[in-house]
> 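Questions regarding the structure given below will be posed in turn.
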2 protein chains.
Amino acid sequence: MAGRPREFDRDEALAKARDLFWERGYEGVSMADLVEAMGIASARIYAAFESKEALFQEAVTLYASGEGGFATRALAEEPNVLDAFKRLLRDAVLLYTRPNHPHGCMIVMAATNYTINSQAVRTRLGRYRRDRAGSLHERLKKASETGELKSDADPCALAEFYAAFLHGLSVQAADGVPREILLSTLPHALLPLKSAMSVKADSL
Amino acid sequence: MAGRPREFDRDEALAKARDLFWERGYEGVSMADLVEAMGIASARIYAAFESKEALFQEAVTLYASGEGGFATRALAEEPNVLDAFKRLLRDAVLLYTRPNHPHGCMIVMAATNYTINSQAVRTRLGRYRRDRAGSLHERLKKASETGELKSDADPCALAEFYAAFLHGLSVQAADGVPREILLSTLPHALLPLKSAMSVKADSL
DNA sequence: CACATTGTTTGTTGATCGACAAAGAATTGA
DNA sequence: TCAATTCTTTGTCGATCAACAAACAATGTG
């Protein structure tokens with residue numbers, strides 16, 4: 001085994017690629033852009049990451065398990081539904097408007113345009129988004145079963161409402177809407193959940 | 001003057017270009033794709049539309065003054081704020097999930113990815129989106145002044161909430177969320193406006 | 001008719017795309 | 001020391017990108 005040791009930091013290079021993809025999307029970033037941003041020749045990128053698409057996939061995974069995991073974390077860690085959604089939405093706004101970082105959500109923004117070659121990428125990101133909607137749905141179904149929600153509440157409609165709003169926040173942030181303004185929309189966004197909650201849980 | 005008459009229908013060709021851009025975005029459509037979809041050679045496209053970017057711009061204008069103008073129409077034609085927003089959201093869902101058409105909003109989806117060459121396109125679409133948020137804001141400010149809204153309501157936050165939700169609907173629709181499910185989210189989405197309305201206007 | 005004007009056809013341009021081949025350099029194990 | 005292995009350097013590949021040039025065809029006007 002052995003062989004010549006790699007001269008660059010793979011994780012560091014991957015993070016740079018993630019930031020570039022985050023900012024400009026999959027097709028918006030060329031290999032030449034990656035060469036410049038990562039600071040290594042294209043043949044080295046191919047040796048370390050196999051292809052542009054595989055590199056993008058790794059970058060998305062890095063994002064999803066890091067910054068992008070705020071939703072999963074909020075849903076898993078907050079016992080109260082309302083607290084979970086409050087935190088989730090707030091964290092979303094903070095992430096999407098973080099200074100000195102690309103605005104918006106990488107998974108929402110990185111592949112809406114798509115040529116024939118990037119259909120696979122687009123499809124995969126769509127699955128990520130549907131998964132997120134699915135985890136919102138799961139949490140709300142659980143809330144319905146445990147009595148946190150009123151018996152006539154519709155977890156599916158609520159989940160899709162929040163998924164839509166969350167994805168819309170990303171578009172707004174990418175368009176430069178300031179953090180404070182997006183934060184000011186959150187009390188409105190929480191109304192549907194609040195009004196679907198049973199009085200008992202609400203008064204806890 | 002005079003000269004040889006054009007053999008193809010310009011409006012028809014433009015509509016086909018719009019549909020293709022709507023489905024795959026600006027960068028997702030190549031001149032070769034346009035040649036195939038419009039059924040005319042590239043030199044004829046350049047003669048009639050000047051450039052790919054100018055063609056795209058015309059396609060967006062066509063969209064905005066046609067299908068995409070639902071928001072403007074609803075806000076202008078419905079005297080009651082609540083009716084206006086009800087109709088606006090409903091029309092959005094219907095348009096974004098229209099069978100045998102590209103799903104989602106052309107202006108939201110057509111340029112989130114962007115290379116260095118398409119920055120101008122992206123910027124222009126961003127302006128369109130901000131204009132839409134602006135017209136929501138205008139209508140809500142008017143509602144605030146005429147007493148339709150409670151005196152402590154915040155038109156800006158409300159407008160940004162609805163802009164975000166609207167843009168999120170587009171992402172959901174593009175991901176294939178069915179029409180009926182998106183429609184089922186609308187009662188939830190209307191809650192913030194309803195609760196910001198003064199009781200007097202609410203009971204009309 | 002001749003001429004100006006405009007549309008169409010055909011073929012091609014230079015740039016850029018993602019991807020790799022070949023050769024040299026640095027490491028470990030035998 | 002010398003293979004075996006892995007990374008780095010350099011150069012380039014064919015495909016595709018948007019865009020156009022030149023020659024030809026069809027119309028209206030004088």
Side-chain angles (χ1 to χ4, degrees), chain A residues 1-14 16-18 20-21 23-60 110-111 113-122 124, chain B residues 1-14 16-18 20-21 23-60 110-111 113-122 124:
Chain A
M1 8 194 101
R4 178 172 177 173
R6 182 177 287 127
E7 287 180 6
F8 65 94
D9 185 325
R10 195 178 185 279
D11 293 340
E12 212 172 284
L14 179 60
K16 284 178 181 168
R18 177 205 55 198
L20 204 55
F21 282 130
E23 192 186 344
R24 304 219 296 259
Y26 177 66
E27 302 243 26
V29 173
S30 70
M31 284 305 301
D33 295 330
L34 289 168
V35 166
E36 195 190 337
M38 300 166 82
I40 54 181
S42 76
R44 304 169 75 181
I45 298 177
Y46 281 92
F49 299 99
E50 192 180 15
S51 68
K52 184 190 171 187
E53 189 174 331
L55 171 60
F56 177 76
Q57 191 174 357
E58 260 198 76
V60 169
N113 288 28
Y114 57 108
T115 63
I116 212 77
N117 336 323
S118 64
Q119 265 188 333
V121 170
R122 188 187 123 88
R124 190 164 38 239
Chain B
M1 6 193 105
R4 177 173 178 172
R6 182 178 286 128
E7 288 180 5
F8 65 94
D9 185 324
R10 194 179 185 279
D11 293 340
E12 213 172 284
L14 179 60
K16 284 178 183 168
R18 177 205 56 198
L20 203 55
F21 282 131
E23 193 186 342
R24 304 220 297 259
Y26 176 67
E27 301 243 27
V29 173
S30 70
M31 284 306 300
D33 295 331
L34 290 168
V35 165
E36 194 190 338
M38 301 167 82
I40 53 180
S42 77
R44 303 169 76 181
I45 299 177
Y46 281 93
F49 299 100
E50 192 180 16
S51 69
K52 183 190 171 188
E53 189 174 332
L55 170 60
F56 177 76
Q57 191 174 357
E58 260 198 78
V60 169
N113 287 29
Y114 58 105
T115 63
I116 213 77
N117 335 321
S118 64
Q119 265 187 333
V121 170
R122 188 187 123 89
R124 190 163 41 238

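Below, read A as the first sequence line, B as the second, and so on, with proteins coming before strands; counting in each chain starts at 1.
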> Do side-chain atoms of B:K52 reach the backbone of B:Y26 as a donor and acceptor pair under 3.5 angstrom?
yes

> Just how far, in rounded Å, is C1' of C:dG18 from CZ of A:F21?
12 Å

> Extract from the structure each pairing of a protein N or O with an N or O of nucleotides 9-12 of chain D at less than 3.5 Å, listing the distance.
residue : atom : partner : partner atom : Å
D:dT9   : OP2  : A:R44   : NH1          : 2.8

> Grab the two heavy atoms, one from B:A37 and one from B:L20, that are nearest each other, plus how far apart they are.
CB-CD2, 3.7 Å

> Taking all non-hydrogen atoms of both residues into account, name the closest pair between B:L14 and B:A59 and its distance.
CD1-N, 3.8 Å

> So do the side chains of A:F21 and A:V60 get within less than 4.5 Å of each other, counting heavy atoms only?
no

> Nearest to the A:S51 side chain among D:dA26, C:dA19, D:dA18, which nucleotide is it?
C:dA19

> B:E36 CD to D:dT16 P: how many Å, rounded?
13 Å

> Which value, rounded to the nearest 0.5 Å, describes the distance between B:E12 atom CD and B:I40 atom CD1?
10.5 Å

> What does A:V29 touch in the nucleic acid at a heavy-atom separation under 4.0 angstrom: a base, only the sugar-phosphate, or nothing?
sugar-phosphate

> To the nearest angstrom, how far is A:E27 atom CD from D:dC17 atom C1'?
12 Å

> Between A:R6 and B:E53, which residue's closest nucleotide on DNA chain D lies nearer the 5′ terminus?
A:R6

> To the nearest Å, how far apart are B:M31 CE and C:dT16 P?
18 Å

> Figure out the OH/C1' separation between B:Y46 and C:dT13, and round it to whole Å.
12 Å

> Go through the steps for A:E7 and A:R44 under the test side chain to side chain contact (heavy atoms under 4.5 Å, CB included), then give the verdict.
CA-CA 10 Å; A:E7 287 180 6; A:R44 304 169 75 181; 3.9 Å; yes

> Using whole Å, what does the distance between atom P of nucleotide D:dA18 and atom CZ of B:F56 come to?
13 Å

> With respect to the phosphate group of C:dT16, does any side-chain polar atom (N or O) of A:S30 fall under 4.0 Å of OP1 or OP2?
no

> Could you tell me how far apart A:R24 (CZ) and C:dC17 (P) are, to the nearest whole angstrom?
10 Å

> Whole angstroms only, please: what is the CD1-C1' distance between B:I40 and D:dA19?
15 Å

> Give the minimum heavy-atom separation between A:A41 and A:V35, together with the two atoms involved.
C-CG2, 4.2 Å

